[in-house]
Student: 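I'd like to ask you about the structure that follows.
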Amino acid sequence: MIDMEMSSEQQQIVDSVRSLLTDVLPYERFVPRPTPVPNQDRAQFPKLGELGVFGLGLSEADGGVGYSMVEEVLVARELGRFLVSPTAIATMIGVHVAQAAGDPELARRLMQGGTPVAPALAFNSAKNHFAGEYHLVDGDRAEWALAWSEAGVALVGFDDWSELEAVPSIDSTLWLARVRFNGLMPDLRVVAAKGLWRRAQLLVCAYLTGVAEAALDDSVEYAKVREQFQQPIGGFQAIKHRCADMLARSSVAWNSTIFAALTDVVEGQDADFQAIAAKLLASDAAFRNAAINIQNHGAYGFTGEHHAHLFVKRAHMLDRFGGDATYQKQRMLGAKPPSQESVSL
Amino acid sequence: MIDMEMSSEQQQIVDSVRSLLTDVLPYERFVPRPTPVPNQDRAQFPKLGELGVFGLGLSEADGGVGYSMVEEVLVARELGRFLVSPTAIATMIGVHVAQAAGDPELARRLMQGGTPVAPALAFNSAKNHFAGEYHLVDGDRAEWALAWSEAGVALVGFDDWSELEAVPSIDSTLWLARVRFNGLMPDLRVVAAKGLWRRAQLLVCAYLTGVAEAALDDSVEYAKVREQFQQPIGGFQAIKHRCADMLARSSVAWNSTIFAALTDVVEGQDADFQAIAAKLLASDAAFRNAAINIQNHGAYGFTGEHHAHLFVKRAHMLDRFGGDATYQKQRMLGAKPPSQESVSL
Amino acid sequence: MQIEFTRQEQAFRSEVRSWLRANVPAGERPIHSDRNLDIREFDLEWQRKQFDAGWAGISWPSEYGGRGASLIEQLIWHEEYARAGAPRAGSCFVGLSHAGPTLIARGTPEQQAFHLPRILRGEAVWCQGFSEPGAGSDLAALSTRAEIDGDHLVVNGSKIWTSYASVADYQELLCRTEAGGRKHSGISWVICPMDTPGIELRPILTMVGPNDFHFCQVFYNDVRIPLANVVGEINDGWGVANATLGFERGTGFIADQIQNSELVERLIAMARERRGLDGLSAAIDDGDFASRLAMSRAEMAGVRAMTYATVSRAANENPGPEGSLVKLFFSEASQRLRRLGVDLLGPEALELSSDAGLTTPYLRSYAASIGGGTSDVQRNIVAERVLGLPRGPRP
Amino acid sequence: MQIEFTRQEQAFRSEVRSWLRANVPAGERPIHSDRNLDIREFDLEWQRKQFDAGWAGISWPSEYGGRGASLIEQLIWHEEYARAGAPRAGSCFVGLSHAGPTLIARGTPEQQAFHLPRILRGEAVWCQGFSEPGAGSDLAALSTRAEIDGDHLVVNGSKIWTSYASVADYQELLCRTEAGGRKHSGISWVICPMDTPGIELRPILTMVGPNDFHFCQVFYNDVRIPLANVVGEINDGWGVANATLGFERGTGFIADQIQNSELVERLIAMARERRGLDGLSAAIDDGDFASRLAMSRAEMAGVRAMTYATVSRAANENPGPEGSLVKLFFSEASQRLRRLGVDLLGPEALELSSDAGLTTPYLRSYAASIGGGTSDVQRNIVAERVLGLPRGPRP
């Protein structure tokens, strides 16, 4: 069975998340105010929790909704589209870490959305531990951070942070700090071999794909209504061809991401390979589409009044979560490609 | 005095070369015949010799025309435009090698054009000698080859070649062979420190720029007359914007080449730096413009009936003459940039 | 959503794989050059072999003699076919993938009864006669005209970019049967026997090499074709020609995609073995090559994922213009890859290779963004039909 | 052909260099933010200093109080200026480089006598009022209207992307004084005093940072401007606005070009020092970084060569649309370079830096292909005016 189309049930999940986000986290929240306000997305997380977003992929026995990674990926893509604070992604992953590491109580708490987990972006991905320097994203007053290294993924509690220093963020809608994690092996961790990093990677890919798609949608919408020289600018090949290329790129990103997730679900031997390829393609799509979307908007795209710039900045943040493109390229060459045999899955 | 425009005297030189080439070496010579014929360009070299092409930069005292490297560069660009066999470039360089290495008799003979020198493209550029494996271009029955390594440039006579083996050439209009040069230090050589390699490099740059410019001209001409959807295709932004980018690229290539030549003439300390930059830019312009020119011509551009493909193939040949882009990039980072002081020349 | 082949599909794959392993011709396909009849023989023989074993017309409905395979089975077939290194359909391609399906969709029972078996059994070679010197991207601007004279059409004009014209028995020919009127109407789709008097061929050299005559230009000088050879309604040829667009439902690129995936792996292996510029470390230790290899590996994985997605969508609904998306991305990704191949090769890239080498496929890749609709045309299609952007200002 | 500065030019360079060394303000230029009067004071003070030493209006004819420098001297001045790290003209830019030269070309003696000295002496700040929300790339489609009422114009409408509007004394304002008619006619070029009642400003945040208010939108509500403030003929504003196009004759990019050349060198030095991904070898040993650094170094050298060529051409004849070529190439090359900077920086790129860092200039580089005419507009200009390709099908 080769089916990469959403089932009606999956479509319903996506629709309900999208509808909630449209309601509570519309792009209008980014319109600059006279006095800048910090990111308020986390205040809506309990509503996302109620909808099941954070426990979507956990089994019902463990208190989750009981879907697979695929549904989580579908939802993460919507989070990307709406530029939801990436703490949402870290929280989705954190739930699995807590559960797998033997703290179901914490898993339950994280699922409710009241305890957002801050993504911790490693300066260098350590091979076999979690200690080192990280950037903490939107983690002001967070209790937990999600650390990710080649050793696996881990939840690092506030008590184990040190040298926390807030720094000016490239994305002013996301608080940023430098922090040091001292524990080599936090208690709440899942080692890389267990494959949870792939789920984390694919949620990041889905978010980046969502960013790439939203940037495309933004361009297309604008190109249909914005007129210059007495016609919609979408009629000019310069614009329309760029939009076509954007779609090609985001389609490849999405198909790679979902293909990798489906490969993971059936425990395909090439699951690592696909997850790394997906990250490279999703990251590339997000960066390029975001930049082209600014170009398509002209001066308006360069302002802070429209949210186009946030697509670029989120691409930078998420690219680094789990290792940036330079790092992924190294891993891509080290990965085992699908063998001829594995074609027969 | 900052003057990068051609003087009327220089314009005359260019015009006379162009007029001769239009006469004796028009693009029509590449129209495929039922039985392919080998490259016949060398048969016209005596005419070029008569015009002074091969001795342009040699002093009158040495029997040359007495111009500077700048005029040679201007002519090499025309040779590129007309896709003249690169033996012409090698011959121009060979004249200087022979003269400087103390064989004025040979220099005189080469100048006449009856003894074309074949470019020898090193497989690997040796640091301090000339021995090794080379590709010989259009050198069937040639007496001399021009070898070029980090040690400098040298004329290698037929007697010192071994293991000559003709191989199928990417460019069927240019005979190609593998050959080994055994002499570490041929008698007729000019060491790198003397800077003749820069002249060689800039003649290659000029040829490549000529290729890039001719590819652009070919596109523009076609875009003005070829109609699709009841209008010249040059009216479509897809085509016209590509042409604009082609012009930007070939302009940068040309200006860098001539700037580097002028810097060399006044013995600027950054002459190496400029000559390497020019090669990277000229090579890039030739490759890209040639490829885009094919695209602009559609299926016709992919045929062997039109000469568009030759621009691509010449780019490959000339890119390797003196070291390809990968090699030039290494050298670029090793070169000494113009210092603040050198701005005041 | 799911990607897991069923037991039946796995069984189908095994069957295909073992049959191909045993039957793929050992010799290389002859070079496709000017009036090379060997290639016709080679292609037809391979087609007959497939027919005899029941594989011919893998996508054709069984009532027309085809295999009637499901779309997933077709995907499996094409994957195994490419991995087994089976020869391209070559001169049988147009018959199997375009003319045949068009006859199935719009032909008369007589036309079907005569032609379909010949295509399947490897008895007839077809070629295409759509493009004209003056009508490339603007295909509908074609001007080859056919006048009705009794029960015949009399054709005058010229077609271009016709592959295998010199070895073909029939041509699917689009010509203008009604002058004036709108550009897309007044065209007819005609079966043109290539041995009809008045047809002349001019082989066209490609840029790939001095013997690479991939196309012909075809000239028609008072060529008389029976009216009975018109397929579909007369003057409705544009509709007939488009009846089978998307017939391949996303499977059309599988062979190329697998070939390119295999090329990436070959290049990675080569970069591990070959020395880099410094003569000491491996080429793959050069971060520039490494970066390009990694991206190409990812891109080819992406194209495969996209192909699976297209096939799975096509299984549910009619394929839309999304095929243009795959083509757009794939053609540029494969051009990057093949350029990377010659860059890795270094000096040897100057030596024209066989098709199994790197230089020849590199040169061939220049056609990827041109043939079958240029990338510009694909971008127009994607932008207008998928994204709903306005048509450009055209007169 | 020659590039060798004459003895006089070298002397000029020495003079410029020593003066700048002694006089460039030590402190950093204040941040350009919403209604920051400090920046006005800073810019004007620096302008006054230049005026007092005889450098003001380097390109202005001496009969209008300028330095009257030759084009080569201007080139030298801009080079030395950038290398000395002298502050950008900032809020003085429009007056010096656009409004002033326009007044010189088309102003009345009275307008000249009043305004030119104020600009040169650092007493008045000018801003530009050309673009409108509905007229960006299509500048001539502007709709801000000015009706004649006695000896005044009454202006209503809105302008956008106006830098330094909040600290400016005057604005060069294009408005429509005659409705109907052709798009490019009926426009007038007006000196608009920014303290006229009815003008309102809305600062616009850029993407660079949360305090980066580079532009304003300017609203005009029955703004009364004396008719005497019209420059040139009324309804001929399009001609007036274009009178000074190319006024900089290729020197306009020198500061940016030198800044970017210095950035390349800084990045190369940084890449030699910083460890790469493996924590052991230097970042520059990564062939991907090395390749990008090498190309950027070459590209910036190329832009310099192109600038010299443009200046040398402009010295002989009126500069043509070739400026668009430099802009086209340079804006994309500098975007690549600045992206390379943040890629080299790795994790720290996420931290918003000062303008001397790498992240802020990277974000600012997104404007390079938009401001002063988008790259699409430049490509149209190059293709149509330099290459002679037909204008696109526009209604």
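The sequence lines fix the lettering, A, B, ..., with proteins before strands; numbering per chain opens at 1.
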Student: Could you look at C/Ile160 and say if it's the side chain, the backbone, both or neither that has a heavy atom under 4.5 Å from chain B?
Tutor: neither

Student: Would you compute the distance between atom OG1 of C/Thr374 and atom CD1 of B/Ile239 and round it to the nearest 0.5 angstrom?
Tutor: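 So the gap between those two atoms works out to 8.0 Å.
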
Student: With chain C as the partner, which of B/Ala238, B/Gly298, B/Ser125 has the greatest number of non-hydrogen pairs under 4.5 Å?
Tutor: B/Gly298

Student: Are B/Lys329 and C/Asp286 close enough for a salt bridge, meaning some N to O gap below 4.0 Å?
Tutor: no

Student: Heavy-atom cut-off 4.5 Å, strictly under: side chain, backbone, both or neither for B/His316 against chain C?
Tutor: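 Contact with chain C is through both the backbone and side chain of B/His316.
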
Student: Can you confirm whether B/Val167 sits close enough to C/Glu348 that some side-chain heavy atom of one is under 4.5 Å from a side-chain heavy atom of the other?
Tutor: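 A side-chain contact is absent here, since even the closest heavy-atom pair is not under 4.5 Å.
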
Student: Do other residues, nucleotides or ligands put more than 12 heavy atoms under 6.0 Å from the CG atom of B/Asn124?
Tutor: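 At most 12 heavy atoms, drawn from other residues, nucleotides or ligands, come within 6.0 Å of this atom.
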
Student: Show the numbers, then the answer: is there a side chain to side chain contact (heavy atoms under 4.5 Å, CB included) between C/Asp138 and B/Gln230?
Tutor: CA-CA 9 Å; C/Asp138 186 9; B/Gln230 293 100 56; 4.1 Å; yes

Student: Could you give the distance from CG (C/Asn380) to CZ (B/Phe236), rounded to the nearest 0.5 Å?
Tutor: 8.0 Å

Student: For C/Ala349, is it the side chain, the backbone, both or neither that has a heavy atom under 4.5 Å from a heavy atom of chain B?
Tutor: backbone

Student: Would you say the side chain of C/Arg339 lies within less than 4.5 Å of the side chain of B/Phe287, judging by non-hydrogen atoms?
Tutor: yes

Student: Could you tell me which portion of B/Ala308 (side chain, backbone, both or neither) has an atom closer than 4.5 angstrom to a non-hydrogen atom of chain C?
Tutor: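 Looking at B/Ala308, nothing touches chain C.
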
Student: Between B/Glu305 and C/Ile204, is there a donor-acceptor pair closer than 3.5 Å when you use the side chain of the first and the backbone of the second?
Tutor: no

Student: Would you say that B/Ile294 contacts C/Ile370 through its side chain, given a criterion of any heavy-atom pair below 4.5 Å between the two side chains?
Tutor: yes

Student: Is it the side chain or the backbone of C/Asp343 that comes within 4.5 Å of chain B heavy atoms, both, or neither?
Tutor: neither

Student: Where does B/Glu133 contact chain C at under 4.5 Å (heavy atoms): side chain, backbone, both or neither?
Tutor: neither

Student: Looking at C/Glu351, C/Gln335, C/Arg364, which makes the most heavy-atom pairs under 4.5 Å with chain B?
Tutor: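 Maximum pair count with chain B is reached by C/Glu351.
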
Student: Distance-only, no hydrogens or angles: does the B/Lys313 side chain make a donor-acceptor pair with backbone N or O of C/Met207 under 3.5 Å?
Tutor: yes

Student: Which residue out of C/Pro210, C/Ala141, C/Ala367 racks up the most heavy-atom pairs below 4.5 Å with chain B?
Tutor: C/Ala367

Student: Which bit of B/Val312 is near chain C, if near means a heavy-atom gap under 4.5 Å: side chain, backbone, both or neither?
Tutor: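 Side chain only.
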
Student: Determine whether B/Arg242 and C/Asp376 make a side-chain contact, defined as any pair of heavy atoms from C-beta on separated by less than 4.5 Å.
Tutor: yes

Student: Check whether B/Ser172 gets within reach of chain C through its side chain, its backbone, both or neither, counting any heavy atom under 4.5 Å.
Tutor: side chain

Student: Using only atom types and a distance under 3.5 Å, with no angle test, would you say the side chain of B/Gln228 pairs donor to acceptor with the backbone of C/Ser137?
Tutor: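 A pair under 3.5 Å: yes.
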
Student: How close do C/Leu352 and B/Ser169 get, heavy atom to heavy atom, and via which atoms?
Tutor: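 Scanning both residues completely, I find the closest heavy atoms to be CB-O, 3.7 Å.
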
Student: Is it true that, when you exclude B/Gln40 itself, more than 12 heavy atoms of the residues, nucleotides or ligands shown sit nearer than 6.0 Å to its CD?
Tutor: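 Yes, the 6.0 Å shell around CD holds more than 12 heavy atoms from other groups.
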
Student: Flag the pair C/Asp288 / B/Thr326 as yes when at least one side-chain heavy-atom distance between them is below 4.5 Å, and no otherwise.
Tutor: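 Not in contact.
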
Student: Counting only heavy atoms not in B/Glu227 (residues, nucleotides, ligands), do more than 12 fall under 6.0 Å from its CD?
Tutor: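 Atom CD in B/Glu227 is packed in, count exceeds 12.
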
Student: Need one label for C/Ser369: side chain, backbone, both or neither, based on atoms under 4.5 Å from any heavy atom in chain B.
Tutor: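 Contact with chain B: backbone and side chain both.
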
